[in-house]
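What follows is a set of notes on a single structure, which appears directly below.
Note on naming: letters A, B, ... go to the chains in the order of the sequence lines (proteins, then strands), and numbering restarts at 1 for each one.
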Amino acid sequence: MPSCAHGNDSSESTSCSGGPNNYGVRTVSEELDDHSATGLEAEKERRLNDIARRRSSGSEPYPYRFDRSHSLADVRSAHGHLEAGTETDAQVALAGRVMLKRDQGKLIFLTIQDRTNQLQLFVSKAVVGDEQFDDIAALDLGDWVGAHGTVMTTRKGELSVKTTAVVLLSKAVRPLPDKWHGLTDTDTRYRQRYADLIMNESSRRAFAVRHEIIASFRRTLAGQGFIEVETPVLHVEAGGAHARPFLTHHNALDMQLFLRIALELHLKRLIVGGMERVYEIGRVFRNEGISPRHNPEFTMIELYQAFADYSDVMAITETLITNAAVDATGSSVVMIDEKPVDLAKPWRRVRMIDLVTEATGVEVHPSQPRAQLVELASRHSVKVEAQWGPGKIIEELFEATSEAALREPTFVTGHPVEISPLARVDRNDAHLTERFELFVGGRELANGYSELNDPVEQRQRFEEEEKSKAAGNLEAGTVDEDYLRALEFGMPPTGGLGIGIDRVAILLAGAASIKDVILFPTLRPEVFEQ
RNA sequence: GCGCCUUUAGCUCAGCUGGUAGAGCAACGGACUCUUAAUCCGCAGGUCCUGGGUUCGAUCCCCAGAGGGCGCACCA
């Protein structure tokens with residue numbers, strides 16, 4: 001029944017007197033619902049009634065635009081040092097969301113928030129007049145407002161704007177979370193990111209850091225003559241990495257397509273084409289588990305530089321990440337496991353086989369008999385699958401014994417050929433490649449190598465992959481004939497790099513989870529009632 | 001996929017061998033011209049995640065399921 005009917009016949013109750021909705025406008029709840037709303041529904045109904053009231057008195061709760069003269073940070077930086085009790089004649093027009101309201105009788109203090117900061121509006125009944133004062137008093141937390149006034153400080157010294165007018169820019173129908181405790185429920189924070197961003201400065205900061213990292217990467221690469229490109233997301237072959245792909249279908253072509261798992265093979269086609277220095281920042285998709293460090297879609301930057309090898313690429317990696325740290329956080333020092341690490345210092349370079357030897361006390365090399373490595377693996381509780389060769393076993397030993405301890409930035413180099421089908425063989429060791437992976441805080445952040453550019457050898461490596469796939473390895477690749485044709489035209493010596501941007505953002509934002517640096521992380525769908 | 005934890009008002013959280021629920025904030029009514037999570041008085045607000053079971057009786061115990069978190073596995 002309508003909220004004003006008090007149990008009487010509800011069939012002709014649209015103009016009951018004394019209630020809050022006698023403005024000749026049927027409320028939404030009356031249109032949709034014959035029952036009195038409670039809780040959240042009552043709150044929404046109340047606010048919808050306020051919208052109707054404002055419209056009936058000739059003001060629009062959702063105006064089209066507002067001329068803002070300053071951001072809230074602008075006001076703070078220009079007037080941040082005023083003494084308490086100062087009035088200025090500095091006119092400003094501000095816009096923001098009402099976050100706090102302190103109604104003091106004939107004074108109202110509103111704290112508004114824009115993307116730069118928060119600021120207090122000082123509203124005096126004597127200044128704005130009775131009618132407007134009542135409209136301001138009727139504002140709710142969450143409403144967007146525009147305010148005109150002059151900069152002042154209160155007797156206690158709080159920087160404020162003495163408002164001559166406050167206009168509603170958008171009425172919020174749904175209440176904000178708790179003004180003090182904010183929004184902490186992780187599920188709600190990820191699903192309703194809008195509410196998280198309104199309430200949590202730490203969340204806004206994480207995404208600011210992410211933005212600065214990407215902007216910094218672009219600046220660094222522009223300064224080194226790199227060109228940004230875009231390549232297909234829909235792939236006929238999902239190559240360039242070891243991962244299970246997402247499968248999709250194109251109707252008009254009636255064909256199966258994969259979402260890309262890496263950017264690599266298309267970018268190297270561009271190196272063949274003579275573009276010399278290219279990079280792409282883009283989303284890749286891997287159909288694997290979700291964890292605090294894994295999201296099914298994530299963002300990589302990959303770059304390729306002609307005439308360079310993996311040593312050059314390691315230097316670029318250091319520059320990119322150190323610059324990004326300074327640009328995003330103001331410092332090259334990051335906290336890892338609660339200890340400071342200065343990224344500006346040179347990063348350790350060490351071969352994977354040497355790390356395994358260090359950890360196990362046993363010399364390892366991909367050339368040694370498989371049985372010896374199987375035995376070593378079992379001593380370190382590493383389960384070995386039948387189709388794994390010596391190289392794969394060494395990688396597993398590395399992951400089990402060494403990886404987690406690589407807290408300070410470390411380039412792990414010299415990956416076995418078996419696990420590196422696109423990397424060039426080490427010029428000094430035919431069983432290893434000129435490859436590196438960067439580990440920081442025990443996590444892989446980047447991967448790069450001297451690119452294999454010999455089309456005959458590349459075909460052999462692809463065929464090895466395909467054999468592995470046939471043997472049941474779901475992450476193994478296939479022979480990409482078009483890529484081989486490209487290599488046949490001749491790819492210059494090239495160094496390549498891939499960096500997981502989400503992982504860098506986790507590191508530099510000090511985030512606990514990848515979900516804290518992805519605006520809309522992958523979640524199971526929410527079930528909506530009705 | 002497996003294990004552990006978790007789900008109570010819009011938000012943040014209590015809830016006693018098992019006797020059908022409370023607080024703070026937000027909201028509503030009232031007081032207040034310098035507040036700072038304003039304060040004070042008053043009032044209202046619930047599918048206790050869902051479905052079964054045990055019981056005279058279930059937010060609580062049992063079973064199954066759902067969402068989320070963490071760890072393991074997979075991976076970057």
Residue pair A/Glu87/A/Leu183 against RNA chain B: nearer the 5' end by closest nucleotide is A/Leu183

Here the distance between atom P of B/rA66 and atom CG of A/Leu523, to the nearest Å, is 16 Å

Answer for the Watson-Crick or wobble partner of B/rC25, both distances under 3.5 Å, is B/rG10

Ignoring hydrogens and geometry beyond distance, is a side-chain donor-acceptor pair present between A/Asn200 and A/Ser203 at under 3.5 Å?
no

If pairing means Watson-Crick or G-U wobble with both distances under 3.5 Å, then the partner of B/rC49 is B/rG65

Integer angstrom distance from the P of B/rC5 to that of B/rC41: 42 Å

inquiry  = Suppose you measure atom C1' in B/rU7 against the same atom in B/rC13; what distance do you get, rounded to whole Å?
reply    = 13 Å

Taking a pair to mean Watson-Crick or G-U wobble geometry with both distances below 3.5 Å, B/rC16 pairs with none

- Determine the Euclidean distance between corresponding C1' atoms of B/rA44 and B/rC49; express it in Å to zero decimal places. 25 Å

For A/Arg46, which contact category applies under a 4.0 Å heavy-atom criterion: base, sugar-phosphate, or nothing?
sugar-phosphate

Practice prompt. Using a 4.0 Å heavy-atom cut-off across all strands, classify A/Arg244 as base, sugar-phosphate, or nothing.
Written response: nothing

Under 4.0 Å, heavy atoms only, any strand: does A/Asp185 hit a base, just the sugar-phosphate, or nothing? sugar-phosphate

B/rU6 and B/rG10, which share atom name P, separated by this distance in whole Å: 22 Å

Check this one for me: any side-chain N or O of A/Lys179 less than 4.0 Å away from OP1 or OP2 of B/rA26? yes

Whole-Å distance, A/Leu141 CG to B/rA27 P, equals 5 Å

The correct set of residues in residues 104-111 of chain A placing a heavy atom under 4.0 Å from RNA chain B is A/Gln104, A/Gly105, A/Lys106, A/Leu107, A/Phe109

>> Check this for me: does any side-chain nitrogen of one of A/Glu385 and A/Lys383 sit under 4.0 Å from a carboxylate oxygen of the other?
In response: no

So, with a heavy-atom separation below 4.0 Å from RNA chain B, the residues of residues 386-410 of chain A are none

N/O donor-acceptor pair, side chain A/Asp178 with base B/rG24, under 3.5 angstrom
yes

Note to self: Does B/rC13 have its OP1 or OP2 closer than 4.0 Å to a side-chain nitrogen or oxygen of A/Thr184?
What the structure shows: yes

For B/rG3, the nucleotide meeting Watson-Crick or G-U wobble distances (both under 3.5 Å) is B/rC70

> Is the shortest distance from a Lys or Arg side-chain nitrogen in A/Arg46 or A/Glu43 to a carboxylate oxygen in the other one below 4.0 Å?
Replying inline: yes

Using a 4.0 Å heavy-atom cut-off across all strands, classify A/Leu176 as base, sugar-phosphate, or nothing. nothing

B/rC4 to B/rG53 separation - P atoms, rounded to the nearest Å: 26 Å

note: A/Lys383, atom NZ; B/rC2, atom P; distance rounded to Å ~ 16 Å

In whole Å, measure the gap between the P atoms of B/rG29 and B/rA64 for me.
50 Å

task: Check the pair A/Val504 / A/Leu320 against side chain to side chain contact (heavy atoms under 4.5 Å, CB included), numbers first and verdict last.
output: CA-CA 11 Å; A/Val504 177; A/Leu320 280 170; over 6 Å; no

Checklist entry - Which part of the nucleic acid does A/Ala126 contact within heavy-atom distance under 4.0 Å: base, sugar-phosphate only, or nothing? => result base

What contact category does A/Lys162 fall into here, base, sugar-phosphate, or nothing, at under 4.0 angstrom with non-hydrogen atoms? nothing

